[in-house]
Amino acid sequence: MTLLKCLQTNLRRIRKEQGLTQAQLAESASVEYKAYQALEAGTANPTLKTLERLAKALKVHGEELFRR
């Protein structure tokens with residue numbers, strides 16, 4: 001599994017476990033909604049800053065986003 005696929009899978013899993021919609025997570029992480037959708041779809045390459053914002057909004061360590 002590629003890192004991007006791990007990221008895509010973990011973002012979706014953690015977001016759903018926390019009962020958040022894509023729009024809610026994007027807003028709380030200060031990420032554009034369409035950009036977040038592209039991340040979950042695996043069609044975008046996020047910056048480290050974006051990954052930090054998402055991890056913070058999800059209240060997880062950054063490495064959790066890439067766990068296989």
Side-chain angles (χ1 to χ4, degrees):
M1 183 181 292
T2 66
L3 283 177
L4 191 57
K5 182 66 175 171
C6 286
L7 174 65
Q8 172 187 8
T9 300
N10 289 328
L11 280 172
R12 182 178 295 117
R13 176 183 56 80
I14 297 166
R15 175 181 61 76
K16 287 185 174 188
E17 286 174 354
Q18 295 185 12
L20 298 169
T21 65
Q22 289 181 334
Q24 289 169 325
L25 177 54
E27 183 178 335
S28 67
S30 298
V31 173
E32 298 248 354
Y33 174 63
K34 292 287 186 184
Y36 182 77
Q37 280 184 316
L39 283 175
E40 271 199 23
T43 59
N45 292 313
T47 64
L48 287 175
K49 186 81 158 174
T50 298
L51 293 174
E52 288 175 339
R53 288 180 184 160
L54 288 167
K56 184 176 180 181
L58 290 168
K59 298 177 180 86
V60 298
H61 292 292
E63 62 266 15
E64 182 67 27
L65 299 179
F66 293 98
R67 189 157 292 158
R68 293 184 192 264

All N/O donor-acceptor pairs, side-chain side in residues 51-58, below 3.5 Å, sequence neighbours left out:
unit_1: R53; atom_1: NH1; unit_2: S30; atom_2: O; d: 3.4

For [X] and [Y], work out which heavy atoms get closest and say how close.
{"X": "A26", "Y": "Y33", "value": "CB-CA, 3.9 Å"}
{"X": "A44", "Y": "L4", "value": "O-CD1, 3.5 Å"}
{"X": "A35", "Y": "V31", "value": "CB-CG1, 4.2 Å"}

Inter-residue atom distance [X].[atom1] - [Y].[atom2], 0.5 Å rounding:
{"X": "Q18", "Y": "K59", "atom1": "CD", "atom2": "NZ", "value": "6.5 Å"}
{"X": "E63", "Y": "N10", "atom1": "CD", "atom2": "CG", "value": "11.5 Å"}
{"X": "R13", "Y": "L65", "atom1": "CZ", "atom2": "CG", "value": "9.0 Å"}
{"X": "R67", "Y": "H61", "atom1": "CZ", "atom2": "NE2", "value": "9.0 Å"}
{"X": "L39", "Y": "E32", "atom1": "CG", "atom2": "CD", "value": "12.0 Å"}

Notebook entry, point to check: If you count the non-hydrogen atoms of other residues, nucleotides and ligands that lie under 6.0 Å from CD in E64, is the total more than 12?
Noted result: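 Yes, because the 6.0 Å sphere around CD of E64 holds more than 12 heavy atoms from other groups.
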
Checklist line | Q22 atom CD, over 12 foreign heavy atoms within 6.0 Å | finding: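 It does: Q22 CD has more than 12 such atoms within range.
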
Next item on the list: List in chain and number order the residues that pass side chain to side chain contact (heavy atoms under 4.5 Å, CB included) with L3, two or more places apart in sequence or in another chain; answer none if no residue qualifies.
Entry: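 By the side chain to side chain contact (heavy atoms under 4.5 Å, CB included) rule, L3 matches F66, R68.
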
Margin query: Test of understanding: with side chain to side chain contact (heavy atoms under 4.5 Å, CB included), list the residues that count as partners of Q8, not counting sequence neighbours.
Written below: K5, R12

Check: Same hydrophobic cluster for L48 and L25, using side-chain heavy-atom links shorter than 4.5 Å among ILVMFWY?
Finding: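 Hydrophobic grouping puts L48 with L25.
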
